Visitor: 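Here's a structure for you.
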Amino acid sequence: MGNRTVITNSLLFLCFFIFFSLEHLEAQKAPAVYVFGDSLVDVGNNNYLPLSIEKAILPHYGIDFPTKKPTGRFTNGKNAADLIAEKLGLPTSPPYLSLLSKVHNSNKNISFLNGVNFASGGAGIFNASDKGFMQSIPLQKQVDYYSQVHETLRQQIEASSLEKHLSKSIFIVVIGGNDVFGYFDSKDLQTKNTPQQYADSMASTLKLQLQRLYNNGAKKFEIAGVGPIGCCPAYRLKNKTECASAANDLSAKYNEALQYMLKEWKLEKKDINYSYFDTYAALQDLIHNPTSYGFVNVKGACCGLGELNAQIPCLPVSSICSNRQDHVFWDAFHPTEAASRIFVDEIFKGPSKFISPINMEQLLAI
């Protein structure tokens, strides 16, 4: 009787193990995620930049992260890069500079096959977008780093295996907000470029970097447009708590230029596939219909001081809202984890008014 019980239990365990393994494989819909962008998807690269003042290393950042500590993410918990990986059944792609640090400190080979995050707070499409922040990794440099990673992988892995791996991996690009901020912070840029010229230049400069990723194996792209920058607490503060229309107009112009560029690029390169997330429309929907998403405060920051909690940044001395679930904005510029979760759900499943020409689930299936 005892042996039969042991055998039955063993069979049950084996069945459970096989079921769990298959479920895990099913969940793991892409072999890796490679992330490029700014503070919306930075998971700690800026912590390794000695001169950068653009770091999320002080309390109360990370208060809702599993470790309850600051991690270099510019939010209260997880950001979009974490949440996308979570949905794919993958660990969060580690910050590139953390991997580089391990290589230098231990002289060991590090695997880049499981994905890498190159994103950097303060980064822009243009190299000069972070002037006010002293130091970040602009997009061109992020792609330079990816080119080095690709070269390392080429030396480690047989060519056809690497090509297959990268063609099934997801390349996430979330950038452009700092370029919009940069335009309004610079009289020189405004004198030399109309908003339309600047938006077109942003899109064409981004295309050069996307093409470099394509030349090094990238085939599947998840690309986010810029949100209504004028509605973040920092800009509302300057505009009697209302959204700043000029900043929103430039964001919208860039998004139009970006979508046109992507459609043209797809005609040029038949073997690429992309999913475009309309961050602008998605965030506006949260702002205009907060209760349907469970939000109460759409204007102010959860962490900060002064009017809208946006006059003084999120510092250890700042006040912090007790319920991070009902705020759209964590600080004067960045969304809460709760808002990011909604965006990531929309990236994966739609609706089509926010994600086009296909959603992430459809991109994975190709």
Side-chain angles (χ1 to χ4, degrees), residues 30 33-38 40-41 118-119 123-127 129 138-144 146-147 150 163 166-180 182-183 189 192-229 248-283 343 346-347 350-366:
V33 178
Y34 296 90
V35 184
F36 304 82
D38 54 29
L40 295 173
V41 284
F118 301 90
I125 295 169
F126 298 129
N127 288 351
S129 295
L139 183 61
Q140 181 180 334
K141 187 69 176 171
Q142 293 179 32
V143 178
D144 289 347
Y146 171 73
S147 300
H150 184 265
E163 184 184 341
L166 293 174
S167 72
K168 290 183 176 299
S169 296
I170 300 292
F171 287 74
I172 295 172
V173 183
V174 180
I175 203 159
N178 290 311
D179 300 282
V180 175
Y183 182 78
L189 282 176
K192 291 178 178 173
N193 306 269
T194 66
Q196 188 63 60
Q197 287 169 334
Y198 189 74
D200 291 342
S201 183
M202 283 173 66
S204 59
T205 305
L206 176 64
K207 184 183 178 183
L208 295 175
Q209 302 311 323
L210 294 178
Q211 185 62 42
R212 291 176 67 205
L213 294 177
Y214 170 82
N215 292 343
N216 280 326
K219 296 289 191 292
K220 293 185 179 185
F221 296 87
E222 180 60 55
I223 297 172
V226 169
I229 295 294
N248 280 358
D249 288 347
L250 178 54
S251 298
K253 282 181 168 64
Y254 166 65
N255 290 337
E256 284 171 22
L258 171 59
Q259 289 177 82
Y260 179 78
M261 178 272 283
L262 290 172
K263 285 172 186 170
E264 291 291 300
W265 192 43
K266 170 72 175 160
L267 291 174
E268 293 167 24
K269 306 290 179 189
K270 300 286 190 286
D271 57 341
I272 65 157
N273 288 287
Y274 73 88
S275 173
Y276 166 78
F277 182 59
D278 191 341
T279 316
Y280 192 105
L283 183 50
F343 297 148
E346 290 166 346
I347 284 169
S352 56
K353 63 180 175 178
F354 300 142
I355 191 95
S356 62
I358 54 175
N359 63 33
M360 175 82 95
E361 286 195 344
Q362 292 163 324
L363 182 65
L364 291 162
I366 292 170

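For clarity, every value in this text was computed on a predicted model and none was experimentally measured. Heads up: numbering here begins at 1 and tracks the sequence.
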Visitor: For residues Leu213 and Phe36, determine if any side-chain heavy atom of one lies less than 4.5 Å from a side-chain heavy atom of the other.
Guide: yes
Visitor: Mind checking what makes ring pair (Phe, Tyr, Trp, His ring centres under 6.0 Å) contact with Tyr280, not counting sequence neighbours?
Guide: none
Visitor: Give a yes or no answer on whether the side chain of Asp179 reaches the backbone of Ile125 with a donor-acceptor pair at less than 3.5 Å.
Guide: yes
Visitor: I need the Leu139 CG to Thr205 OG1 distance, nearest 0.5 Å.
Guide: 9.5 Å
Visitor: Would the distance check show the side chain of Lys220 and the main-chain N or O of Ile366 forming a donor-acceptor pair, the cut-off being under 3.5 Å?
Guide: yes
Visitor: Under the rule for side chain to side chain contact (heavy atoms under 4.5 Å, CB included), what residues qualify as partners of Lys269, not counting sequence neighbours?
Guide: Gln211, Tyr214, Trp265, Asp271, Ile272
Visitor: If you measure from CD1 on Ile347 to CD1 on Ile223, what distance do you get to the nearest 0.5 Å?
Guide: 12.0 Å
Visitor: Name all residues meeting the side chain to side chain contact (heavy atoms under 4.5 Å, CB included) criterion together with Glu256; count only those two or more places apart in sequence or in a different chain, and write none if there are none.
Guide: none
Visitor: What distance do Tyr198 atom OH and Met202 atom CE have between them, rounded to the nearest 0.5 Å?
Guide: 6.0 Å
Visitor: Could you check if a side-chain atom of Gln209 sits within less than 4.5 angstrom of a side-chain atom of Arg212, using non-hydrogen atoms only?
Guide: yes
Visitor: When you measure from the side chain of Gln362 to the backbone N and O of Asn359, does any donor-acceptor pair fall under 3.5 Å?
Guide: yes
Visitor: Does some side-chain heavy atom of Pro357 sit less than 4.5 Å from a side-chain heavy atom of Tyr274?
Guide: yes
Visitor: For Asn216 and Ser147, work out which heavy atoms get closest and say how close.
Guide: ND2-OG, 3.4 Å
Visitor: Give me the atom names and distance for the closest heavy-atom approach of Ala199 to Leu250.
Guide: CB-CD1, 4.1 Å
Visitor: Using side-chain heavy atoms (C-beta onward) and a distance below 4.5 Å, is Ile170 in contact with Leu363?
Guide: yes
Visitor: Any side-chain heavy-atom pair from Lys253 and Asp200 closer than 4.5 angstrom?
Guide: no
Visitor: Identify the two heavy atoms, one from Ala224 and one from Val174, that lie closest to each other, and give their separation to 0.1 Å.
Guide: CB-CG2, 4.0 Å
Visitor: Does Lys168 have more than 12 heavy atoms from other residues, nucleotides or ligands lying within 6.0 Å of its NZ?
Guide: no
Visitor: Under 30°, 30 to 60°, or over 60°: which ring-plane class applies to Tyr146 and Phe171, parallel, tilted or perpendicular?
Guide: perpendicular
Visitor: If the condition is side chain to side chain contact (heavy atoms under 4.5 Å, CB included), which residues does Ala282 pass it with, not counting sequence neighbours?
Guide: Phe277, Phe343, Glu346, Phe354
Visitor: Of all the heavy-atom pairs spanning Asp38 and Gly176, show the shortest one and how long it is.
Guide: OD2-N, 4.0 Å
Visitor: So that I know where these two stand, are Tyr183 and Phe126 an aromatic pair - ring centroids less than 6.0 Å apart?
Guide: no
Visitor: Do the non-hydrogen side-chain atoms of Phe221 and Leu262 ever get within less than 4.5 Å of each other?
Guide: no
Visitor: Check whether any side-chain heavy atom of Val226 sits under 4.5 Å from a side-chain heavy atom of Leu258, and report yes or no.
Guide: no
Visitor: Who are the side chain to side chain contact (heavy atoms under 4.5 Å, CB included) partners of Lys141, not counting sequence neighbours?
Guide: Ile137, Pro138, Asp144, Tyr145
Visitor: Residues two or more places apart in sequence or in another chain: which of them pass salt bridge (charged side-chain N to carboxylate O under 4.0 Å, His left out) with Lys270?
Guide: none
Visitor: Where is the tightest heavy-atom contact between Val180 and Ser251, given as atom of each residue plus distance?
Guide: CG1-OG, 4.0 Å
Visitor: Within a strict 4.5 Å, meaning less than it, do heavy atoms of the Ile355 and Ser275 side chains meet?
Guide: yes
Visitor: Distance from Asn273 atom CG to Ser167 atom OG, nearest 0.5 Å?
Guide: 10.5 Å
Visitor: Starting at CD of Gln142, measure out to CD of Gln140 and round the result to the nearest 0.5 Å.
Guide: 11.0 Å
Visitor: Within the supplied structure, the quantity of interest is the number of heavy atoms (other residues, nucleotides, ligands) at a distance under 6.0 Å from Glu163 CD; does it exceed 12?
Guide: no
Visitor: Identify the two heavy atoms, one from Gly182 and one from Leu189, that lie closest to each other, and give their separation to 0.1 Å.
Guide: O-CD1, 3.7 Å
